[in-house]
A.B. asks: 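Below you'll find the structure I mean.
Keep in mind that what you see is a predicted model, and the values were worked out from it rather than measured.
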Amino acid sequence: MRKFPAQLITWTLALSVMLSLPANIYRYYDNQGNLFHGSQVPPEFVKNGYEVLNEKGQVIQTVARALTEEEREAQALAQQSQQQSQEERARQEEEDRLLLRLYRSPEEVIRRRDSTVEQLDAQITALTGLRNDAQRRLDSVQGQVDGNANPPETLLSQLENATEERDRLQRQVERVENEKAETVETAEKNINRLRELLNLN
């Protein structure tokens, strides 16, 4: 009885198994949108996407078509917008936690606002008085300069210093006034947000 090498038998069995396996069918579209079926997808049509079918015609895998440049840009913008929304939600949640730690009710915000505004008003009053004094000194020096055809250097230096002092105080007045406006605006925002968080609306 003739004996066959073991390696030959192994390769023969493997080949038989491979030939007996059902081949997958590929369903794809050409560049004109026509539908085709085949044992493989032509390379030039892979970008259009395709489906892999088993021997029963059931879809076992779907490969999406390649995105166009416009679609990739739109996708990137959508992802960026989603990320920004997530960051905004996280920021708002952190602000809400801090707000609830600082205040138990809108009335506490109102009391804090009124106290801060009162202090800022006192600063504005004091700074405005100092600015008005500086303006009067400036007017006095300016009058001396205007009445002198050849004013001395010391008088011109006084005029410059008086102008700088008046301007410095004016900037301070404006800074405190802006701080007051921001205080009122922030308080109003916090009051409304607290009412939402505490279901007081």
Side-chain angles (χ1 to χ4, degrees), residues 1-113 116 174-175 178-201:
M1 180 176 179
R2 185 178 180 183
K3 296 183 178 180
F4 295 94
Q7 185 177 8
L8 178 61
I9 295 175
T10 301
W11 279 105
T12 302
L13 290 174
L15 180 61
S16 299
V17 171
M18 291 176 62
L19 292 174
S20 64
L21 290 174
N24 290 329
I25 301 297
Y26 295 84
R27 184 162 60 194
Y28 63 92
Y29 292 88
D30 65 8
N31 294 333
Q32 285 70 46
N34 300 311
L35 179 64
F36 291 91
H37 293 77
S39 59
Q40 63 180 5
V41 182
E44 65 268 24
F45 299 146
V46 170
K47 67 180 184 300
N48 300 330
Y50 58 88
E51 294 175 326
V52 183
L53 312 178
N54 60 18
E55 73 279 3
K56 298 180 180 180
Q58 299 169 328
V59 177
I60 59 175
Q61 183 183 0
T62 299
V63 177
R65 65 176 178 82
L67 298 178
T68 65
E69 182 65 25
E70 292 77 11
E71 289 172 331
R72 285 195 295 271
E73 291 178 358
Q75 187 180 67
L77 289 174
Q79 292 174 348
Q80 182 181 6
S81 177
Q82 182 180 17
Q83 181 179 357
Q84 290 176 344
S85 297
Q86 292 173 348
E87 292 174 354
E88 178 65 22
R89 285 195 298 270
R91 184 191 61 79
Q92 185 63 61
E93 289 173 358
E94 179 61 27
E95 289 182 356
D96 290 344
R97 284 192 292 269
L98 177 60
L99 188 62
L100 290 171
R101 285 199 299 267
L102 291 174
Y103 305 105
R104 290 174 295 179
S105 68
E107 288 71 27
E108 290 188 0
V109 181
I110 294 172
R111 287 194 293 271
R112 172 70 67 85
R113 178 202 63 192
T116 302
E174 293 173 354
R175 177 184 59 79
N178 289 336
E179 185 178 350
K180 175 183 174 181
E182 290 174 2
T183 297
V184 173
E185 181 180 355
T186 300
E188 187 66 22
K189 176 183 174 183
N190 289 340
I191 291 169
N192 292 333
R193 186 58 181 167
L194 268 177
R195 285 172 175 163
E196 292 179 10
L197 295 173
L198 299 175
N199 295 319
L200 298 177
N201 290 333

A.B. asks: Between Leu194 and Ser105, is there a side-chain heavy-atom distance shorter than 4.5 Å?
C.D. replies: no
A.B. asks: More than 12 foreign heavy atoms under 6.0 Å from CZ of Phe45: is that the case here?
C.D. replies: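 Enclosed: over 12 neighbouring heavy atoms sit under 6.0 Å from CZ of Phe45.
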A.B. asks: Would you find a donor on one side and an acceptor on the other, under 3.5 Å apart, between the side chain of Asn34 and the backbone of Asp30?
C.D. replies: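 Absent.
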A.B. asks: Please round to the nearest 0.5 Å and tell me the distance separating atom CG of Leu35 and atom OH of Tyr50.
C.D. replies: 15.0 Å
A.B. asks: Looking at OH of Tyr103 and CG of Asn190, how far apart are the two atoms once the value is rounded to the nearest 0.5 Å?
C.D. replies: 6.0 Å
A.B. asks: Mark yes when over 12 heavy atoms from residues, nucleotides or ligands other than Arg193 sit less than 6.0 Å from its CZ; otherwise mark no.
C.D. replies: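 For Arg193, atom CZ is crowded (more than 12 foreign heavy atoms under 6.0 Å).
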A.B. asks: I'd like to check Arg195 versus Asn192 (side-chain heavy atoms, cut-off strictly below 4.5 Å). Are they in contact?
C.D. replies: yes
A.B. asks: Kindly check if the number of other-residue, nucleotide or ligand heavy atoms within 6.0 Å of CD (Glu185) is above 12?
C.D. replies: no
A.B. asks: Quick one: list whatever passes salt bridge (Lys or Arg N to Asp or Glu O under 4.0 Å) with Glu70, sequence neighbours left out.
C.D. replies: none
A.B. asks: Any chance NZ of Lys47 has more than 12 other-residue heavy atoms, nucleotides or ligands included, within less than 6.0 Å?
C.D. replies: yes
A.B. asks: Nearest 0.5 Å please: distance from the CD atom of Glu51 over to the CG atom of Asn24.
C.D. replies: 13.0 Å
A.B. asks: Hey, is Glu71 close enough to Arg65 for a salt bridge, meaning N to O under 4.0 Å?
C.D. replies: yes
A.B. asks: Evaluate the side chain to side chain contact (heavy atoms under 4.5 Å, CB included) criterion for residues Arg111 and Glu107: first the C-alpha distance (whole Å), next the side-chain angles of each, then the deciding distance (0.1 Å), finally the verdict.
C.D. replies: CA-CA 6 Å; Arg111 287 194 293 271; Glu107 288 71 27; 3.8 Å; yes
A.B. asks: Judged by atom type as modelled, is there a donor-acceptor pair below 3.5 Å linking the side chain of Arg113 to the main-chain atoms of Ala187?
C.D. replies: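 No; zero donor-acceptor contacts below 3.5 Å.
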A.B. asks: Within the 3.5 Å criterion, strictly below it, is a donor on Gln92 or Asp96 matched to an acceptor on the partner's side chain?
C.D. replies: yes
A.B. asks: Mind listing the closest non-hydrogen atom pair of Val59 and Arg27 along with its distance?
C.D. replies: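 Minimum heavy-atom separation between Val59 and Arg27: CG2-NH2, 3.4 Å.
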A.B. asks: Nearest 0.5 Å, please: how far is CG in Leu77 from CD in Gln84?
C.D. replies: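 If I round to the nearest 0.5 Å, the distance is 9.5 Å.
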A.B. asks: Who pairs with Phe36 by ring pair (Phe, Tyr, Trp, His ring centres under 6.0 Å), at least two apart in sequence or on another chain?
C.D. replies: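 Per chain and number, Phe36 pairs via ring pair (Phe, Tyr, Trp, His ring centres under 6.0 Å) with Tyr28.
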A.B. asks: In Å and rounded to the nearest 0.5 Å, what is the NE2 to CD1 distance from His37 to Ile25?
C.D. replies: 8.5 Å
A.B. asks: Working to the nearest 0.5 Å, report the span between CG of Asn54 and CD1 of Ile60.
C.D. replies: 5.5 Å
A.B. asks: Under a 3.5 Å distance rule, please check whether Gln82 uses its side chain to pair with a backbone N or O of Ala78 as donor and acceptor.
C.D. replies: no
A.B. asks: Would you name the heavy atoms of Ile110 and Ile191 that are closest together and state the gap between them?
C.D. replies: CG1-CD1, 3.5 Å
A.B. asks: Do the charged groups of Glu88 and Arg91 touch, with an N to O distance under 4.0 Å?
C.D. replies: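 A salt bridge links Glu88 with Arg91.
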A.B. asks: Show your reasoning for whether side chain to side chain donor-acceptor pair (under 3.5 Å) applies to Asn48 and Asn31.
C.D. replies: CA-CA 7 Å; Asn48 300 330; Asn31 294 333; 3.1 Å; yes
A.B. asks: In this structure, are over 12 heavy atoms from other groups packed under 6.0 Å from Arg104 atom CZ?
C.D. replies: no
